[in-house]
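Chain A is the first sequence line, chain B the second, and so forth, proteins listed ahead of strands; every chain is numbered from 1. These values consider heavy atoms only, across backbone and side chains, with no hydrogens, waters or symmetry-generated copies.
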Protein chains: 2
Amino acid sequence: MTVDRDSMEPIYQQVARLMRARIDSGEWPPGYRLPSEPDLAGSYQVNRDTLRKSVRVLVDEGHLAVVRGKGTFVIKPEG
Amino acid sequence: MTVDRDSMEPIYQQVARLMRARIDSGEWPPGYRLPSEPDLAGSYQVNRDTLRKSVRVLVDEGHLAVVRGKGTFVIKPEG
DNA sequence: AAATATTTGTACGTATGTATG
DNA sequence: GCATACATACGTACAAATATT
């Protein structure tokens with residue numbers, strides 16, 4: 001062992017975890033439109049590019065859907 | 001009709017097409033390691049970030065595999 | 001209808017970190 | 001240790017789709 005490995009997690013994954021928690025907890029319910037990317041980036045103190053990486057993770061997981069010009073929405077269970 | 005729509009294609013997709021063509025043509029055969037991202041970015045006259053988007057497209061299509069620290073490789077038919 | 005504002009998408013530039021050779 | 005190659009992160013600007021006034 002090389003002492004304490006795997007304690008590093010990229011920021012965008014950390015943010016993705018935080019956002020996932022808000023979805024799972026119901027704070028961001030199905031159909032909810034998230035704050036804008038610049039707003040979220042500000043909230044999490046990260047760059048917009050980094051935030052968008054986090055969003056992509058959740059989109060890939062099927063938790064979020066992004067619609068250009070409209071916003072980012074929490075996916076509903078059925079669809 | 002709104003006159004000639006859909007004639008706009010993002011640069012990263014254009015580059016993805018060019019790269020796909022080189023794979024399909026056999027210029028980049030299975031197992032081949034592509035030039036480095038900075039080199040490819042220079043060849044196609046785009047930013048490295050843009051080139052990485054193109055690569056992601058081909059990875060998602062199953063044409064390429066990216067290995068950190070090693071390079072980007074053309075996927076072999078079988079695996 | 002038209003102009004404006006909002007929101008996501010694309011593109012470039014730069015710096016630093018991590019994995020591999 | 002050093003060089004190479006991919007990964008992450010930040011900043012900036014403008015384009016495109018949508019919504020609002």
Check your understanding: How would you list, by chain and number, every residue that makes a salt bridge (Lys or Arg N to Asp or Glu O under 4.0 Å) with Arg17(A), sequence neighbours excluded?
Key -> Glu9(A)
Exercise for review: Please list, by residue number, the residues of residues 59-69 of chain A whose heavy atoms come closer than 4.0 Å to an atom of DNA chain C; answer none if no residue qualifies.
Suggested key: Val66(A), Val67(A), Arg68(A), Gly69(A)
Review point. What is the minimum heavy-atom distance between Ala65(A) and Ile75(A), and which atoms define it?
Key: CB-CD1, 3.4 Å
Exercise for review: Just name whichever nucleotide pairs with dC14(D), Watson-Crick or G-U, keeping both distances under 3.5 Å, else none.
Suggested key: dG9(C)
Output one line per pair: protein atom, nucleotide atom from nucleotides 9-11 of chain D, and distance, for all N/O pairs under 3.5 Å.
from, atom 1, to, atom 2, distance (Å)
dA9(D), OP1, Ile11(A), N, 2.2
dA9(D), OP2, Tyr12(A), N, 3.1
dC10(D), OP2, Asn47(A), N, 3.1
dC10(D), OP2, Thr50(A), OG1, 2.6
dG11(D), N7, Asn47(A), ND2, 3.3

Review point. Hey, what else clusters with Tyr12(A) if you join Ile, Leu, Val, Met, Phe, Trp, Tyr whenever side-chain heavy atoms sit under 4.5 Å?
Key: Val57(A)
Point to revise | side-chain N/O Thr72(A) vs dT7(C) OP1/OP2, d < 4.0 Å | key: no
**Study point:** Contact list for DNA chain D against residues 16-23 of chain A - heavy-atom distance below 4.0 Å
**Key:** none
Review point. Among residues 28-38 of chain A, which contact DNA chain D at a heavy-atom distance under 4.0 Å?
Key: none
Check your understanding: Tell me: NZ of Lys70(A) to P of dG9(C), nearest whole Å?
Key -> 13 Å
Revision key, fill the gap. Applying side chain to side chain contact (heavy atoms under 4.5 Å, CB included) to Asp60(B) and not counting sequence neighbours gives Arg56(B)
Practice item. Please report, rounded to the nearest Å, how far the C1' atom of dT7(C) is from the CZ atom of Arg52(A). Key: 10 Å
Practice item. Could you state the atom-to-atom distance from CZ of Phe73(A) to C1' of dT8(C) in whole Å? Key: 11 Å
Study note, to complete from the structure: So salt bridge (charged side-chain N to carboxylate O under 4.0 Å, His left out) across residues 31-43 of chain B, not counting sequence neighbours, yields Glu37(B)-Arg48(B), Glu37(B)-Arg52(B)
Exercise for review: Using side-chain hydrogen bond (donor to acceptor under 3.5 Å, both in side chains) as the criterion, list what pairs up with Gln13(A), not counting sequence neighbours.
Suggested key: none
Point to revise | For Leu64(A), the rest of its hydrophobic cluster, which grows through side-chain links under 4.5 angstrom | key: Ile11(A), Val15(A), Leu18(A), Met19(A), Ile23(A), Trp28(A), Tyr32(A), Leu34(A), Leu40(A), Tyr44(A), Val46(A), Leu51(A), Val55(A), Leu58(A), Val59(A), Val66(A), Val74(A)
Point to revise | Ser43(A): side chain to side chain contact (heavy atoms under 4.5 Å, CB included) partners, not counting sequence neighbours | key: none
Practice item. Any chance you could pull the hydrophobic cluster mates of Val67(B), using side-chain heavy atoms under 4.5 angstrom and chaining through other members? Key: Phe73(B)
